[in-house]
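Each remark here refers to the structure printed beneath this line.
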Amino acid sequence: MTVPSPPAVSSERIGNVLVARIDNPPVNALSRAVRAGLMDALHRLETDENVAGLVIAAGGRMFSAGADIDEFNGEIQQPFLGDVTDRLEQSSKPVIAAIHGTALGGGLEVALACHHRIAASGTVFGLPEVRLGTLPGSGGIVRLPRLVGIDQALAMIAEGRRIGAEEALSAGLIDRVASGDLMEECVALFDEIAGAAPPRTGDRPFPAFNAEREAAARTALAKKYRGQEAPQKAVDLLAMAARTPMSEALRLEHETCRALLSTAQSRALRHLFKAEREAGKIADVAEDAAARSIDRVGIVGTGTMGRGIAITCLDAGFEVVLIGRSGESADLAREAIANIYASTVRRGRLNEQDVADRLARLETSHSLDRLVETDLVIETISEDIDAKRAVISAIDAIVPDHTIMVTNTSFLDIEQLARATKRPANFAGMHFFNPANVMKLVENIRTEAASDDVLVTLMAFAKRLGKTAVMVGPSDGFVANRMLSKRTREALFLLQEGATPHQIDRVLTEFGFPVGPLALADMAGLDVLAATRRARAATMSKREREADIIERLVVAGRLGQKSGAGYYAYGEGRKPQPDPEVETLLAAHRAERGVGARTISDDEVRERCIFAIINEGARLLEEGVVARPGDIDVLWTKGLGFPAHLGGPMHYAEEIGLPHVRTALAGYAATIGDEYFKPARLIEQRADGSGRFA
Ligand code: COA
């Protein structure tokens, strides 16, 4: 027997008030069934003489997360949400929105069209469409400024800013925050407003939006959201709405939102929205694998990574035991962490009490014995396999059976490290990015023996730290560094062949990276990168070893930003300036290697840097090191600066076409070398087939 599914919108009568309740788990997305259900409720409101007014409410944990994102890939079916909101606003009988949890996108647009809005305390409001490369299309842009003014509307529409109930109340977005039962207060409001004409948001005047304010908004948004179309379109639409009659403005708003949905940028951002949520699910663990509980975290190693990870854990509410090599290094680390927190207080991000609470949860020590009550230990000592093995086996001897041990290595052989413990099922990797308390990404690394519940725990732990995590398998440099190393290789080859640091960085920042790879290298420290090159020399080709530009810069005392010079010279304000000395150094390098400098086109620079990454990504998929192309895209956009509006390297490759990528790779294989650019088998196959990696 098939059980009929419950209606997406159910109705009940409370006295002469009709209550329409949205029920479309998990987030009450406004799918076609919900829109149709709301239309039915409106019909009943209009036609049933015994009904004096309508409350729109929702079941579950939120009012609504807005339009159903899954519908955006095809033809959206009627009734459109704009038809619902227009009819709502025009109703001659009052309609009240009873809002709880979250009202986002179309969910907020429904509320804006209602005549009154009451919210439960703790409700969050927002129009996040811009983050999906589109904009509100059902009256959000035309109605919101009429309630909250132009500045708040700009922040919410063009930047996707979310606000809480108290701010929504003071901004004029809602009428009340319920102090007791939300529904009772909504029903009671009908008595207060009986006989009054329903106040329509659209009848309010649109606030002034002068040319000066408009220009300032455009400039600020262009800087903050470089290369993104939707924030600029938001300004266009607000300016349009300020001078256009309501019904025409609604039509234009809807049209623009629909047009934006079919842009490459919106496809890319929607792909990332889905990919981020999928990345949290590990492909092949037992369904019943449950996360272990983590309260107390041990961190071994007090360098930059150890400190950064400690701060992240303290911020997330964990108790932390930070172990240094000596009492002195442990004390220094505590002092450094306290200093970082002090500057957070100066910047107004935390108050003294927040910091005191965090520091009270931090224990520092030089004795590994203090790890005895931890649930998870993160080893963060320097990248030396023997030293790490020794520390891991010492940790193993102290911690209780249930404790999970992870290493924060960025490229060492994780299986070898796992063998340093007697409990390899409890061991895995967590690769944090520097600075760990700022970067929002963690690469979790599974080992052959790691148990399913350990893997699930690490994903949940990363989430509690407020990070996006991607699960990858063992491989040299895992996914992030293995792909990144191909870009670094090409940057060095390009310099050798005649490009300048400035050309390479300019091309990649024009592509959308916030910083170019060479300016980034200067930030990381060229001595650090030279050490990594030394450690990895055995895995490099002769040409790569001989492209020893970093080593030469270091010998010349150019260690990067910290020494005032690296690939660039740094004056006041740390702005990188092209430096003739680097040109001389590059010329000497070329002469010694017998390479003549040539003029290299920007297209070649871009393709070699980006396609080398894509090709390596395809190999990682082929080898099963990473489960989904979307995982690679999440990793690059969250952690490595790949522009989100291009969707990540794998999505970008699909958008520009795998046949095109294959042809370009084959061309560079012929000129630069097969060993660097031979198209990955997966690209060969998919270019002829689906054109997709998934
Ligand atoms: N349409 C369709 N599905 C949606 C959705 C939407 N607007 N919003 C969320 N979902 C789905 C997610 O994909 C996820 O699906 P999954 O369980 O199959 O992976 C599920 O709902 C839960 O979402 P998740 O983000 O994991 O839950 P959360 O509690 O962390 O966050 C929100 C909830 C609503 C804050 C968050 O999902 C969100 O910001 N959604 C987007 C809202 C939006 O952009 N609306 C405008 C659309 S134009």
Side-chain angles (χ1 to χ4, degrees), residues 8 22-35 58-74 76-77 80-82 84-85 99-112 122-141 144 156-165 228 230-231 233-234 237 253-254 256-263 265-283 287 440 459-460 462-470 627-628 630-631 634 638 644-645:
I22 303 170
D23 258 309
N24 187 24
V27 294
N28 288 329
L30 301 168
S31 59
R32 203 201 72 82
V34 174
R35 302 192 298 272
R61 63 190 172 106
M62 66 184 75
F63 184 72
S64 170
D68 186 341
I69 293 170
D70 296 325
E71 284 185 2
F72 290 165
N73 296 327
I76 298 171
Q77 304 290 317
F80 298 137
L81 189 62
V84 177
T85 50
I99 315 163
H100 77 287
T102 309
L104 294 179
L108 180 53
E109 289 180 298
V110 167
L112 289 170
T123 304
V124 174
F125 301 84
L127 292 172
E129 287 88 344
V130 71
R131 300 197 178 164
L132 300 175
T134 180
L135 290 171
S138 306
I141 295 176
L144 182 70
M156 291 179 74
I157 296 166
E159 302 198 64
R161 177 164 187 264
R162 295 179 188 196
I163 61 174
Q228 293 197 29
K233 280 271 186 257
L237 286 181
E253 177 190 315
H254 181 69
T256 308
C257 151
R258 289 294 288 273
L260 281 170
L261 279 178
S262 55
T263 59
Q265 292 198 354
S266 179
R267 272 198 302 279
L269 291 164
R270 273 149 42 208
H271 155 71
L272 284 174
F273 179 85
K274 286 281 166 198
E276 272 166 38
R277 276 149 187 84
E278 233 172 33
K281 299 164 193 156
I282 315 170
E287 255 177 44
K440 289 283 171 230
M459 296 305 276
K463 193 166 181 190
R464 270 182 71 190
L465 296 181
K467 316 256 185 222
T468 302
V470 172
R628 296 164 284 234
D631 290 356
V634 169
K638 284 278 174 188
H645 62 270

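Whatever order the structure lists ligands and atoms in, that order sets their numbers, starting from 1. Just so we're clear, the structure is a prediction, and the values are computed from it rather than from any experiment. Along the sequence shown, the residues carry numbers beginning at 1.
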Taking atom 44 (O) of ligand 1 as the point of reference, which of G280, P136, P128 owns the nearest heavy atom? P128
Atom 30 (O) of ligand 1: nearest protein contact (heavy atom, Å): K463 NZ, 4.9 Å
Nearest protein heavy atom to atom 7 (N) of ligand 1, by residue and atom, and its distance? A67 O, 2.8 Å
So is there a nitrogen or oxygen of F273 less than 3.5 Å from a nitrogen or oxygen in ligand 1? no
Report the part of L132 (side chain from C-beta onward, or backbone N, CA, C, O) that has a heavy atom under 4.0 Å from ligand 1; answer both or neither where that applies. side chain
To the nearest 0.5 Å, what is the distance between CG on L135 and OG1 on T256? 8.0 Å
Rounded to the nearest 0.5 Å, the CD1 atom of I76 sits from the CD atom of E71 at a distance of 6.5 Å
Atom 3 (N) of ligand 1: closest protein heavy atom, distance to 0.1 Å, is K274 NZ, 4.3 Å
List every atom of ligand 1 that sits less than 4.0 Å from any heavy atom of E129, numbering the atoms from 1 in the order shown and giving each element. 48 (S)
Q228 CD to T263 OG1 distance, which is reported to the nearest 0.5 Å: 10.5 Å
Strictly inside 4.0 angstrom of atom 48 (S) of ligand 1, do you find any protein heavy atom? yes
Taking 4.0 angstrom as the limit, do D68 and R32 come out as a salt bridge? no
Within the structure, does A65 bring an N/O atom to less than 3.5 angstrom of an N/O atom in ligand 1? yes
F72 neighbourhood, listing ligand 1 atoms whose heavy-atom distance to it stays under 4.0 Å: 48 (S)
What is the minimum heavy-atom distance between R162 and P128, and which atoms define it? NH2-CB, 3.6 Å
To which protein heavy atom is atom 24 (P) of ligand 1 closest, and what is the distance rounded to 0.1 Å? R277 NE, 3.6 Å
Quick one: closest heavy-atom pair of R35 and F80, and the distance? CD-C, 3.9 Å
Test side-chain contact (heavy atoms from CB on, under 4.5 Å) on V470 and K638 and set out the steps. CA-CA 10 Å; V470 172; K638 284 278 174 188; over 6 Å; no
Is R162 in contact with ligand 1, taking contact as a heavy-atom separation below 4.0 Å? yes
Taking atom CE of M62 and atom CD1 of I99, what is their separation to the nearest 0.5 Å? 14.0 Å
Below 4.0 angstrom, counting only protein heavy atoms, does anything approach atom 32 (C) of ligand 1? no
To which protein heavy atom is atom 11 (C) of ligand 1 closest, and what is the distance rounded to 0.1 Å? V27 CG2, 4.4 Å
Between E159 and V130, the two heavy atoms sitting closest are C-CG1, 3.7 Å
Side chain or backbone of L104 under 4.0 Å from ligand 1, or both, or neither, by non-hydrogen atoms? side chain
Considering distance alone, does some N or O of K281 sit under 3.5 Å from an N or O of ligand 1? yes
Main chain of G140, side chain of E109: is a donor-acceptor contact present, judged purely on distance under 3.5 Å? yes
Protein contact of atom 29 (O) of ligand 1 - nearest heavy atom, named by residue and atom, plus distance: R61 NH1, 2.7 Å
Measure the spacing between CD1 of I69 and CZ of F273 and express it to the nearest 0.5 Å. 4.0 Å
Per-atom contacts of ligand 1 with D68, taking only distances under 4.0 Å to non-hydrogen atoms: 1 (N), 2 (C)
Atom CD1 of I157 and atom CD of E253: how far apart are they, to the nearest 0.5 Å? 7.5 Å
Under 4.0 Å and counting heavy atoms only, is there anything from the protein next to atom 15 (O) of ligand 1? no
Got the closest protein heavy atom to atom 1 (N) of ligand 1, with its distance? I69 N, 2.9 Å
Hey, does the side chain of H100 reach the backbone of G122 with a donor-acceptor pair shorter than 3.5 angstrom? no
Nearest to atom 20 (C) of ligand 1, what protein heavy atom do you find, and at what distance? P26 CG, 3.8 Å
